[in-house]
Amino acid sequence: MNRKILHIVGWAIALALVIVPMASCAPGGSPGGAPAATTAAPAATTAAQAATAAATTQAAATEPEVKPVTFSYWHGRNADATEGEKKVLELYIEEFQNAFPHITVDSRPTKPGTDYREQYDKALMANDGPTLNEQLPHVDIQTRINNGTIADVSKYMENFDLRLDGKVIDVFDDAIRDKDGKWYAIPIRQYFMAHAYNSETIKAGGESVDNLPTDWESFGEYTQRLTNPAEQRYGYVFIGSDYLAWNFTPWVWAAGGEMVRPNSDGTYSIAFNEEPGIDTAMFWHDLVYKYKSTQTDLLKQWPDLQTDIQAGYSALSWGVATTFAARAEEKFGITPERFGSTLIPGKTKDMSPVSFAGGGVWVMGPKATEEEMDAAWEFVKFTTYNEEFLTKVWEIEGEYNVASFVQMPARNDLADLKFSFAQWPDHWAKEFAQLAEYAIPEPFCANWNDLKNDIVIPMQKVLLTENITREEVKQLLDECADSLYEKYPDSFRLPN
C-alpha cells in the first residue's frame with residue numbers, strides 16, 4: 001500500500017484567545033396606519049377589505065406548523081466524564097433545543113467498561129438503536145455498509161454546502177462512501193496518536209525529554225534505564241488487551257511495513273505477517289524480556305494504563321498528551337506541563353518516525369424514520385459545523401483541557417480559530433504539529449476491526465511466552481492471516 005502521509009497545511013496554533021463578535025439581528029419595522037375614512041359606508045367597506053387583506057397576508061406569511069420530533073443520540077460522556085466534557089454536552093443539548101424547540105434530543109450515554117460497538121449492535125437487534133451515534137470510528141464504516149447496520153446519509157452529504165465549498169475535512173472520504181459514491185457517515189473530527197510521556201517520571205529515572213530515543217535500539221535502552229519496579233516506575237507501558245492492534249499498527253509502519261495492502265479487485269491482502277510485522281512483534285517481546293522496561297501485568301486494560309501514566313508510574317505510553325493531562329490534575333494534582341507527545345521512532349535512525357491518524361464520524365441508525373434523521377442532521381450541522389456554536393464549545397474545551405480538544409475539527413477552515421482557545425503548555429503546540437506532519441491514516445478496509453480483534457490472541461502469546469523464537473512468531477502471525485482469509489474471503493484475499 002502506498003501510505004498517505006498527512007500534511008496539515010495552515011495549522012497555525014495560536015495560544016492567545018480570539019474574541020469573536022456575535023452577529024445580531026436588526027429588528028423589523030412596524031406597519032404604518034391606514035388613512036381615515038370620510039363616510040360611514042365606504043369606511044365599513046374599506047375596513048372589511050382591509051381585514052380580509054390582512055388575514056390573507058397573515059395566512060400567506062405564516063409558516064407551516066412544525067411537528068415535534070424526538071431523536072435518540074448516543075455518546076460516551078457518561079458519569080465518569082470530566083467536568084469539561086459534561087459542560088460541553090450540556091451546551092450541546094441546551095443550545096440546540098433553544099435553536100430548534102420542536103426537536104427533542106434523547107441523549108443517552110453508552111455504558112462505561114463495555115464495548116460500544118457491541119452495545120450498538122445489541123440495541124439494533126432489540127429495535128432500540130439510536131438515531132444518531134458519534135462513537136463509531138471511520139474504519140468501521142465499510143464493514144457496516146456491508147452488514148446494513150448504518151443508514152445511507154447521501155441525502156445530506158451530497159448537497160452539504162460546506163462540503164461542496166471545500167470546508168469539510170476529506171481525509172477519510174473514501175472510508176465513509178461505498179463503491180457507488182453513496183455516503184454512510186459524516187465527519188466529526190480527526191485525531192492523532194503516537195507516544196505520550198510524563199516528564200517527571202523521566203526525570204525521576206535520571207533521563208531527560210531533550211534526548212528522547214529516535215530508533216528502536218535506543219528506545220529499548222532508554223526505557224530500560226527509566227525502569228525501577230521497586231519504585232513502581234516503568235519505562236514503557238503498552239496495550240496488551242483488546243485494543244492491542246491499535247498500538248501495534250503504527251509500530252509496523254515504523255518498521256517499514258503495512259498491516260494490509262489493497263488488491264486490484266477491491267479486496268486487501270494481509271501484510272502484518274511479513275518481516276516488518278515480525279520485527280515489531282519481536283521488539284515488543286524484547287521490551288518485556290530483554291530490556292525489562294514494561295509493566296508486569298501485560299494484559300492490563302487501557303483505562304488502567306491511563307491511570308498508570310497519570311499517576312507517574314510510567315514514563316512513556318501509547319497515547320497523546322491530552323489523553324492523560326485532562327484528568328491527571330483532577331485525580332492526582334499533576335499539572336498538564338508534565339505531559340507531552342512524541343513520535344513512534346523508526347526502526348533504525350534512517351527510517352521515518354510515525355504517528356497514527358484516526359477519524360470520528362456521525363452515523364445514523366438503519367431503522368430511523370426520515371423525520372428522525374432530518375432532526376438528527378440539524379443536530380449534526382449545529383454541533384459540528386456551526387461556527388458561532390463551535391466557538392462556545394472550544395472556549396470550554398480549552399479552559400478545561402478536554403482530551404478531544406487537540407483533535408482537528410471537521411471544519412478545516414476553523415482549525416486556527418479552535419486552537420486559539422488553547423491554554424496549553426508551550427511545548428504542546430510544536431509536538432502536536434509534528435504528530436500531524438508524520439501521521440498515517442488508519443486502514444479502513446471492510447472487516448478491519450475483525451482483523452484487529454483476531455491479532456490480539458497471537459500477539460498476547462508473543463508477549464507472554466518468554467522463550468518464543470522468531471520462527472514461532474512468524475507461525476502465529478501466518479496462522480492468524482490464514483484464518484482471516486478463510487473467515488472473510490470478500491474482504492481479504494491473497495494477491496493474484
Side-chain angles (χ1 to χ4, degrees), residues 195-197 201-202 205-207 213 215-257 259 270-309 311 313-319 344-348 451-484:
H195 281 161
Y197 64 78
T201 307
I202 290 175
E207 292 291 340
D215 64 90
W216 288 10
E217 183 178 2
S218 63
F219 187 90
E221 294 170 350
Y222 184 90
T223 55
Q224 183 180 42
R225 292 193 296 271
L226 293 172
T227 302
N228 187 336
E231 297 180 5
Q232 290 189 301
R233 186 176 64 248
Y234 299 94
Y236 183 65
V237 296
F238 52 74
I239 305 173
S241 60
D242 295 344
Y243 295 135
L244 178 150
W246 191 24
N247 190 186
F248 185 72
T249 297
W251 279 97
V252 174
W253 293 337
M259 294 292 282
I270 293 169
F272 62 67
N273 56 334
E274 297 173 350
E275 291 302 305
I278 300 169
D279 288 343
T280 301
M282 291 304 299
F283 181 67
W284 276 24
H285 185 269
D286 284 347
L287 288 173
V288 179
Y289 298 102
K290 176 182 176 181
Y291 299 107
K292 301 183 185 301
S293 59
T294 67
Q295 76 270 26
T296 53
D297 181 1
L298 297 172
L299 306 186
K300 185 175 287 189
Q301 296 292 321
W302 173 235
D304 295 327
L305 289 178
Q306 289 180 295
T307 299
D308 286 350
I309 285 272
Y313 298 147
S314 178
L316 286 149
S317 174
W318 167 251
I344 294 174
K347 179 185 170 185
T348 61
L451 180 151
K452 292 196 295 183
N453 289 338
D454 281 14
I455 203 174
V456 170
I457 298 300
M459 277 301 301
Q460 287 178 339
K461 290 181 180 178
V462 172
L463 295 175
L464 296 173
T465 307
E466 182 172 357
N467 296 316
I468 199 167
T469 66
R470 186 179 183 88
E471 290 71 26
E472 290 170 333
V473 170
K474 177 170 175 50
Q475 182 179 350
L476 284 171
L477 296 183
D478 282 344
E479 289 173 353
C480 182
D482 291 342
S483 173
L484 287 162

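Positions are given from 1, in the same order as the sequence printed here.
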For residues Ile455 and Met259, determine if any side-chain heavy atom of one lies less than 4.5 Å from a side-chain heavy atom of the other.
-> yes

Measuring from Ser293:OG to Leu287:CG, what's the distance to the nearest 0.5 Å?
-> 4.5 Å

Nearest 0.5 Å, what's the OH-CG distance between Tyr234 and Asp308?
-> 8.5 Å

From CD1 (Ile202) to OH (Tyr197), nearest 0.5 Å = 7.0 Å

Using 30° and 60° as the class limits, which term best fits the ring planes of Trp251 and Phe219: parallel, tilted or perpendicular?
-> perpendicular

Lys300 NZ to Gln295 CD distance, which is reported to the nearest 0.5 Å = 6.5 Å

What one should report as the nearest heavy-atom pair of Gly205 and Leu226 is CA-CD2, 3.9 Å

Test item: Tyr291 and Phe283 side chains (from C-beta on) under 4.5 Å apart, heavy atoms = yes

Would you confirm whether Ser483, through its side chain, and Glu479, through its main-chain N or O, come within 3.5 Å as a donor-acceptor pair?
-> no

Smallest heavy-atom separation, Pro213 atom then Ser218 atom, equals CB-OG, 3.4 Å

Apply the test side chain to side chain donor-acceptor pair (under 3.5 Å) to residues Glu471 and Gln475: give CA-CA distance (whole Å), side-chain angles for both, the deciding distance (0.1 Å), then the verdict.
-> CA-CA 6 Å; Glu471 290 71 26; Gln475 182 179 350; over 6 Å; no

Could you tell me whether the side chain of Met282 reaches within less than 4.5 Å of the side chain of Lys474, counting heavy atoms only?
-> no

Between Asn273 and Ile278, which heavy-atom pair has the shortest distance, and what is it?
-> O-CD1, 3.6 Å

For Trp216 against Pro345, the heavy-atom pair lying closest together | NE1-O, 3.0 Å

Could you tell me whether a side-chain N or O of Ser314 sits under 3.5 Å from a main-chain N or O of Leu316, the two making a donor and an acceptor?
-> yes

Would you say Thr465's side chain and Val462's backbone share a donor-acceptor pair under 3.5 angstrom?
-> no

With the side chain counted from C-beta on, respond yes when Leu464 and Leu299 share a heavy-atom pair under 4.5 Å apart, and no when they do not.
-> yes

Distance-only donor-acceptor pairs under 3.5 Å for side chains of residues 237-250, two or more places apart:
from: Thr249; atom 1: OG1; to: Ala245; atom 2: O; distance (Å): 2.8

Gap separating the NZ atom of Lys461 from the NE2 atom of His285, nearest 0.5 angstrom | 14.0 Å

Considering residues, nucleotides and ligands other than Glu217, do more than 12 of their heavy atoms fall under 6.0 Å from its CD?
-> no

Below 4.5 Å, heavy atoms only, C-beta onward: do Asp304 and Asp297 meet side chain to side chain?
-> no

From Gln460 atom CD to Leu476 atom CG, the distance as rounded to the nearest 0.5 Å = 12.0 Å

Check whether any side-chain heavy atom of Tyr236 lies under 4.5 Å from a side-chain heavy atom of Thr227, and answer yes or no.
-> no

Of all the heavy-atom pairs spanning Thr348 and Asp215, show the shortest one and how long it is.
-> C-CB, 3.8 Å

